[in-house]
Asks: 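Input: one structure, supplied below.
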Protein chains: 4
Amino acid sequence: MEFGTNQAIYLQIVDYMCDNILSGKWSEGERIPAIREIAVSLEVNPNTVMRSYAYLQEKGIIYNQRGIGYFIAEKGLTATRQLKRSDFVKNILPRVFKSMDLLGVGFDELHQLYNQYQAKGNL
Amino acid sequence: MEFGTNQAIYLQIVDYMCDNILSGKWSEGERIPAIREIAVSLEVNPNTVMRSYAYLQEKGIIYNQRGIGYFIAEKGLTATRQLKRSDFVKNILPRVFKSMDLLGVGFDELHQLYNQYQAKGNL
Amino acid sequence: MEFGTNQAIYLQIVDYMCDNILSGKWSEGERIPAIREIAVSLEVNPNTVMRSYAYLQEKGIIYNQRGIGYFIAEKGLTATRQLKRSDFVKNILPRVFKSMDLLGVGFDELHQLYNQYQAKGNL
Amino acid sequence: MEFGTNQAIYLQIVDYMCDNILSGKWSEGERIPAIREIAVSLEVNPNTVMRSYAYLQEKGIIYNQRGIGYFIAEKGLTATRQLKRSDFVKNILPRVFKSMDLLGVGFDELHQLYNQYQAKGNL
DNA sequence: GTGGTCTAGACCACC
DNA sequence: GTGGTCTAGACCACA
C-alpha cells in the first residue's frame, strides 16, 4: 500500500481495514492479522498500526483478546457501515455538492463520470 | 467566517477566496483586499493571510503589484476552475464513488440526497 | 516597458536609462525627459521615477538644473560604464561562473548559447 | 554560512541546498538534516528553514515522510538541474549577454575573466 | 499605504 | 523525535 501525504497514516490504515470489512474479506468474529504482521507488510512502525487498531476498537468495530489477537466484533460490519455512512452523508457529500455548484458540474455530468469510474474499475 | 478544525486556516482562506472568484464576486483584474484588511476582518494573523495569498499567486490565480496590492490574474477564473476541477475529479470523486460501492449507495439514492441538499440550499 | 516582479521598479528604470546612455541614444550634455513625462509613458508613479533620477544623480551620471530639467553629466557615459562594468565583473560574473561549474556547462556550450542569443537579436 | 543582504535568507538556504545536491553531497533518496538541525547550524529561525524546505518540496526536489524527516526525491538531482539550468539560460544569461554588448565586453575578454576565476577557485 | 521577511515562541498531530 | 501551523511583533523596501 502506498500512503498519501495529506492524511495521517494510521487513518489510511483504518480506511484500509474498513474496506476489508465492508467488502466481506474479513467477516464478523474472524481474527485479523497481528499488529506486527500488518506493520511488516505495510512497512510501517508498529506504533502506527497500534493506533489504528485502538481507533477501531474504540469504535466497537474490533475487539481484543489478550494474548490471542484482534477480532472483528459481533456487529462489526454494521458498526463499520454506520460509521462510514454517517461520515459520507454528513461530511463528504455536502462538500461534493457545493463543489459541483461552484464548478457548474451538473448531475448528468456526475453520472457520466461515475460510469467512467465504473468502467475503469471493471478493467 | 468560522474555521473548521480539520483543515489549516490558510487553506480555508484559500477556499474562501476561490469561492469568491468562482461565484463572480471578484472579477479578473480586480484588486482584492489588502492582507491586513483580510486579517482584521477574519480575525487572523496577517502572516496566515499572506500564506494564502502566496499559495494563490504560486497557482497563477492572483498576482502582486509592488506596493499596491494583489489582483485577480488575467486568467484567474480559468485557473481557479482548473485547479478546483482537477482536485474534484482526481481526488474527491474517486473516493466518493468507492465509498458508494462499499456502502451500497446507488446512484438513485445519491440523486435523492442531491435533491435534498438543493432544497435546503434554496431555503 | 514591462516590469519584472523580482527587482524594484525604480531600479529597472535605472537600468533602462543606463541602456539609453550606453547605447548612445542619450549623449553627454543632452537633456533627458522630465520626470512626469517618463512617469506617464511608463505608467508609473512619478515618485518612483524621481527615485531613479536621484539614484543616477548620486552616481554622477545625470545632474539637475533647477526649473529646467535633468541632463546627462559631462562624464556621464564613462561613469555609467564604470558603474555597470564594476557590477558586472564583481557581482554578476562570479555567480555565472559558479553556476556553470555546478551545472556542468562548459565554456564551449556558453559560446554556443551566446551565438544563439546574437542570432535572435539580429532578427 | 554567511548571508548576503540582497537576497532573502530562505532563498540563500535553497541555493545552499541545491549546491549540495548538484555537487553530489546529498544523493537521491538520502535523508537531509532535520529543520531544527539546520536552523541551529545556520543560526537561523526554524520557520525560515521550513520555508526553504517547503519551496524545494513544491519544486519536487525533496519530499517529506511524516514524522520522520525530509528526503531527496527520486528524481531530485534531475529536478534541481532543470530548475537551475532553466533559470540560468532564461534569466541570467540574456542579461549577461546584453551587458556584454552594452559594455563592449567581447567573448575573448569573457574567456580571460573565466580563466582568472578558475585559477582563483583552484588555489 | 502596500507587501516581504524574519524572529521568538507556542501548540499540535504524528511516527 | 519529526514537521505543520499559528500568533505576535518587529523591521524593511517600495509606491
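Throughout, protein chains are lettered first and strands after them, A, B, ... in sequence-line order, and every chain is numbered starting at 1.
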Asks: Is there, by distance only and without an angle test, a donor paired with an acceptor across the side chain of B/N47 and the base of F/dG9 below 3.5 Å?
Replies: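 Such a pair is found, so the answer is yes.
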Asks: How many whole angstroms separate atom CD1 of B/I68 from atom C1' of E/dG4?
Replies: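 To the nearest whole Å, that distance equals 16 Å.
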Asks: Charged N to carboxylate O below 4.0 Å: is that the case for B/D19 and B/K84?
Replies: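 Result for this pair is no, no salt bridge flagged.
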Asks: Donor-acceptor check, side chain of A/R31 to backbone of A/I68, threshold 3.5 angstrom: yes or no?
Replies: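 Indeed, once roles are kept as given, a pair shorter than 3.5 Å links the two residues.
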Asks: Between B/R36 and E/dG3, does any side-chain N or O lie under 4.0 Å from OP1 or OP2?
Replies: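 Looking at the OP1 and OP2 atoms of E/dG3, neither is under 4.0 Å from any side-chain N or O of B/R36.
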Asks: Without decimals, in angstroms, what is the distance between B/Q65 CD and E/dT2 C1'?
Replies: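 Rounded to the whole Å, the gap is 11 Å.
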Asks: Given that D/I9 and B/P33 both sit by DNA chain E, which one's nearest nucleotide is further toward the 5' end?
Replies: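 The residue mapped nearer the 5' terminus is B/P33.
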Asks: Rounded to whole angstrom units, what separation is found between the OH atom of D/Y55 and the P atom of E/dG4?
Replies: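 Atom-to-atom, D/Y55 to E/dG4, this comes out as 15 Å.
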Asks: Does a side-chain N or O of B/R66 approach OP1 or OP2 of E/dG3 to a distance below 4.0 Å, or not?
Replies: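 Result: no.
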Asks: For C/V44, which contact category applies under a 4.0 Å heavy-atom criterion: base, sugar-phosphate, or nothing?
Replies: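 Since no nucleic acid heavy atom lies under 4.0 Å of C/V44, the category is nothing.
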Asks: Rounding to a whole Å, what distance do you find between B/R31:CZ and F/dA15:C1'?
Replies: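 Result: 12 Å.
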Asks: Can you check whether D/Y70 has a side-chain N or O nearer than 4.0 Å to OP1 or OP2 of F/dG4?
Replies: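 So the side chain of D/Y70 is within the cut-off, an N or O lying under 4.0 Å from OP1 or OP2 of F/dG4.
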Asks: Closest-nucleotide mapping onto DNA chain F: is C/T48 or B/A8 further toward the 5' terminus? I mean the 5' end.
Replies: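 By nearest-heavy-atom nucleotide position, the 5'-most residue is B/A8.
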Asks: Considering heavy-atom distances to DNA chain E, does D/Q12 or A/L11 have its closest nucleotide positioned more toward the 5' end?
Replies: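 Whichever sits nearer the 5' end wins; that is D/Q12.
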Asks: What integer distance in Å separates A/N45:CG from E/dC15:P?
Replies: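 The answer, rounded to whole Å, is 9 Å.
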Asks: Within a strict 4.5 Å, meaning less than it, do heavy atoms of the B/L22 and B/L77 side chains meet?
Replies: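 The answer is yes, as the side chains (C-beta and beyond) meet within the 4.5 Å cut-off.
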Asks: Go through F/dG4, F/dT5, E/dG3 for me and flag the one nearest to the B/I35 side chain.
Replies: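 Of all the options, the side chain of B/I35 is nearest to E/dG3.
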Asks: From CZ of C/R51 over to P of F/dA13, roughly how many Å is that when rounded to an integer?
Replies: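 The distance from CZ of C/R51 to P of F/dA13 comes to 9 Å, rounded to the nearest Å.
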Asks: Using purine N1 to pyrimidine N3 plus N6-O4 or O6-N4 for Watson-Crick, or N1-O2 and O6-N3 for G-U wobble, both under 3.5 Å, which nucleotide pairs with F/dA10?
Replies: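 For F/dA10, the partner nucleotide comes out as E/dT5, under the 3.5 Å rule.
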Asks: May I ask you to decide if C/Y10's main-chain N or O and C/T48's side chain share a donor-acceptor pair within less than 3.5 Å?
Replies: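 No, C/T48 side chain to C/Y10 backbone: no donor-acceptor pair under 3.5 Å.
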Asks: Could you pick out which residue, D/G67 or B/Y10, lies toward the 5' side of DNA chain F when each is mapped onto its nearest nucleotide?
Replies: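 Nearest-nucleotide comparison on DNA chain F picks D/G67.
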Asks: Would you say that B/Q82 contacts B/T78 through its side chain, given a criterion of any heavy-atom pair below 4.5 Å between the two side chains?
Replies: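 Answer yes - side chains close enough.
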Asks: Whole-Å distance between F/dT5 P and B/M50 CE?
Replies: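 Rounded to whole Å, this separation is 16 Å.
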Asks: Tell me the interatomic distance from D/N6, atom CG, to E/dT5, atom C1', rounded to whole angstroms.
Replies: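 Roughly 14 Å, once rounded to whole Å.
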